[in-house]
Amino acid sequence: MNRKPMELVQKSLARRYRAERRFRFFGVVSVIIGVLALLVLFFEIFSSGLGAFRQTHIQLSVNFDPEILEITDAHDATQIRSGNYEGILRKALAQRFPQVSGRAAKRELNGLISIAAAYDLRAELADNPELLGQQKTYWVLADDDVDTYYKSLQGDKPFTARTSEARQAQIAELINQGEIRTQFNWRFFTSGDSSEPEMAGILGAVAGSLLTLLVTFVLSFPIGVAAAVYLEEYAPKNRFTDFIEVNIANLAAVPSIIFGLLGLAIFIGFFGMPRSIPLVGGLVLTLMTLPTIIISSRNAIKAVPPSIRDAAFGIGASKMQVILHHVLPLAMPGMLTGAIIGMAQALGETAPLLMIGMVAFIMDIPNSISDSATVLPVQIFLWSDSPERAFVERTSAAIMVLLVFLVCMNTLAVWLRKRLERRW
Amino acid sequence: MKKLLLALTCAAGPLISGAAIGDSRDHIMVVGSSTVFPFSKVVAERFSLKTGQKAPKVEPTGTGGGFKEFCKGVGVGTPDIANASRRIKESEFKACQDAGVKDIVEVFIGYDGIVIANSKKAEPIALSRRDIFLALAKVVPDPKGGEELIANPYKTWKDVNPELPAKAISVMGPPPTSGTRDAFVELAMEGGCKAFPWIAALDKSDNARYKAICHGVREDGAFIEAGENDNLIVRKLSENPNLLGIFGFSFLDQNADVVRAATVDGVEPQFETIADGSYPVSRPLYFYVKKAHVGVIPAIQEFLAEFTSERAWGDEGYLAEKGMIPMEEKRRKTVAESVKKLEPMSL
């Protein structure tokens, strides 16, 4: 009697094992595809962006000649400001390459170094007034064309399209004498945007992103949590709350550019706030992240076991005490995780910021939420759109900075969850 | 929990104190054309480095979007300068006037030229705007005559114009998102399109249809979209002598060793021919200044002086290096003079 079902089981067993293996295999393949895609992306970005962290410099012996500089007193700030630093750099270059003659050739020679070099010398002289009239050797910043060409020399096909033969010979001479080298590119991390690739930095965009996210977090977290607590703990179950619930879910799926239009109409149009400031950016991103935070906070509150509430009520706690002393602390890891994921999303947004003017060329580094600013993804977009070749590697480097930020935020989310999580 | 609340309040403190917003601005606000954007930002940067002023904020909104913001009214919340890759339209000027933006200073800064070029290894080619339109349009007038439109049947340049070589039509150009493409379509293709009187008449009667005919680029593979990288087009041209490419004049200037520009309507694109307007595929670049803001927003006049200085827009200035085509010296002098006096424009 018993043999028949057993036989059936035995017969189907092999097939079920096969199905099981196939099922597992699909899972493994999906994971591999995901990991491969990530690796290819990382490889692309890292291989093209690493170059941006090193910048070409040229050794020059500069004479702070008071006559060319037109500076008589190096302690006078206005004289320091208006000095002719390009003049002493030009002279230094002419001395280094005495064979160059003719107007066009001299112009090209002067193009070897970046315009930043003159401002670096100005800062140097302002800090050390005793240098006036002295000769000193510096590693000055090279022009972006020189930088691109010099870096491409290591590859198998040098990029010569924008470097004339005369200049190639000059660079070859510098290489022979060891007077050209790459240095770590501090400027990339300490300066704002620039129209010259060799001077462009990421700090302005990083500061803008941080200020914008600060506004977003400070507004959206308390509001989101308060809304979630009310909806979960106090709100009666009726048509109206159902309606609110549906709308929150809908808002979470609205394309982000809509929030930008809303922000433009309300914050800039109606309240008359200035364009391009992190405050408005933060407000717009708050609207965008609120639904995410409310939904995740509600789920976190739902996950607190009813026994804890019951016990608190049992010893006579009021509803507010139950929520503040027991429910919220237990739900906090979940709520924070939701908030940080919402923030990470906000960090990567460009579309809504386009409408409120944060897609712009801004050189200065913002100090407060009412200074004009741009954000990391916008900076990446602007650089990727620039014609200068040296911006290609900078674009990838900026993506790396953005990725580092995202990894940090997600690590923070995991760490907070681990630390605050309580088991029962 | 309490600690967290405290931390939040602490974080909110500086935010609120920092948020004194509204009645003054310490930097110049520039909006408008993305073609002028790279030029405007170099000047902004040099101006700031030189004077120590806060750098102007330059927003690439597109010419039309820029005027919309610019003409919203007078006040620190509105832009001081609008960049444009065409002259201000009468409707825009009127909108400005209606909003109280009475005195506008027009600054003509230079030109932007677009070239159609091929490899130096190939034969030089001479095109007319009519040839360009017939070769690249999506629909063309029926070659048999009449006012009928048919899908572009031309396969080789010889089909278009018997004087041209019997090579397949294959042109590489920028995608529709690019300003270069807009200008090319408007200046070269529309120019050729107007050569047909009955289509030119449509401009008045059925503008939408006129635009569709004149601005539609063929999608059957003869026109290849290359992405916004003009350098890539130049490289492809040097590899393939049968290919033609469309890109900004600055790239021709930089790559004169590998590519040669086609003449359009018999004129070769050069600094001089673009500057005097005889080369047809070029457009003027402008910016507009709100006179009411001069003196209210700091350093507008200094910014104008930097923009109109020889070291910026001169023949060997840094704007020419970034690809802008300067106008003749005499014209520069006149414009700089009138800018100095802040003479308001009229249409």
Side-chain angles (χ1 to χ4, degrees), chain A residues 81-82 103-104 107 111 115-116 118-119 122 161-162 164 192-196 199 211 214-215 217-219 221-222 268-269 271-277 279 282 324-325 328-329 332 336 354 357-364 367-374 382 384-389 392, chain B residues 1-2 4-5 8-9 11-12 14-22 25 27 29-31 34 37-46 48-52 54-61 69 75-79 228-231 234-235 248 250-251 254-255 257-258 316 318 321-323:
Chain A
R81 175 156 286 287
S82 60
R103 219 167 105 71
R107 241 174 76 79
I115 62 154
Y119 299 101
R122 179 168 86 187
R162 287 182 60 84
S164 71
D193 195 7
S194 166
S195 50
E196 310 295 333
M199 292 165 68
L211 287 167
L214 189 64
V215 175
F217 185 77
V218 164
L219 289 171
F221 191 64
I268 295 177
F271 289 113
M273 292 180 180
R275 286 172 74 83
S276 328
I277 61 172
L279 176 63
L324 286 185
H325 297 171
L328 277 189
M332 195 49 78
L336 277 176
L354 189 75
M358 289 184 86
V359 179
F361 171 72
I362 291 155
M363 249 180 87
D364 298 300
N367 291 316
S368 80
I369 55 169
S370 53
D371 283 349
S372 290
T374 181
L382 285 176
S384 73
D385 216 24
S386 296
E388 291 86 356
R389 216 180 139 93
V392 174
Chain B
M1 191 62 216
K2 272 189 192 132
L4 195 81
L5 281 177
L8 280 183
T9 337
L15 283 183
I16 292 158
S17 58
I21 302 169
R25 176 148 53 79
H27 60 274
M29 193 167 156
V30 185
V31 294
S34 40
F37 175 67
F39 309 134
S40 206
K41 71 177 189 181
V42 195
V43 179
E45 180 170 8
R46 304 272 176 137
S48 164
L49 286 174
K50 198 171 143 195
T51 60
K54 242 184 138 187
K57 181 187 86 190
V58 190
E59 235 186 278
T61 57
E69 280 298 316
V76 287
T78 58
E228 303 227 11
N229 192 337
D230 288 6
N231 271 319
V234 172
R235 253 205 329 276
S250 54
F251 288 86
Q254 303 271 3
N255 298 287
D257 53 334
V258 279
E316 290 181 350
Y318 54 76
E321 215 154 276
K322 288 273 169 192

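Just so it is clear, the structure is predicted and the values come from calculations on it, not from any experiment. Each chain gets a letter, A, B and so on, in the order the sequences are listed, and its residues count up from 1.
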**Asked** Mind checking whether B/His27 and A/Ser372 have side chains closer than 4.5 Å, heavy atoms only?
**Response** yes
**Prompt:** What residue in A/Arg103, A/His325, A/Met358, A/Met199 has the most heavy-atom pairs under 4.5 Å with chain B?
**Reply:** A/Arg103
**Prompt:** Measuring heavy-atom distances to chain A, does B/Pro56 have an atom under 4.5 Å in its side chain, in its backbone, in both, or in neither?
**Reply:** backbone
**A/Ser195 backbone acceptor or donor facing B/Glu45 side chain under 3.5 Å** = yes
**Non-neighbouring partners of A/Arg107 that pass salt bridge (Lys or Arg N to Asp or Glu O under 4.0 Å), sequence neighbours left out** = B/Glu316, B/Glu321
**Asked** Measuring heavy-atom distances to chain A, does B/Phe37 have an atom under 4.5 Å in its side chain, in its backbone, in both, or in neither?
**Response** side chain
**Asked** Side chain, backbone, both or neither: which part of A/Asn367 has a heavy atom under 4.5 Å from chain B?
**Response** neither
**Request:** Let me see the working for B/Lys322 and A/Glu196 under salt bridge (charged side-chain N to carboxylate O under 4.0 Å, His left out), right down to the final yes or no.
**Result:** CA-CA 10 Å; B/Lys322 288 273 169 192; A/Glu196 310 295 333; 3.7 Å; yes
**Request:** May I ask you to name which of B/Val31, B/Thr51, B/Thr78 has the most heavy-atom pairs under 4.5 Å with chain A?
**Result:** B/Thr51
**Partner set under side chain to side chain contact (heavy atoms under 4.5 Å, CB included) for A/Val392, not counting sequence neighbours** = none
**Request:** Please look at A/Ile115 and chain B and tell me whether the side chain, the backbone, both or neither of the residue comes under 4.5 angstrom of a heavy atom of that chain.
**Result:** side chain
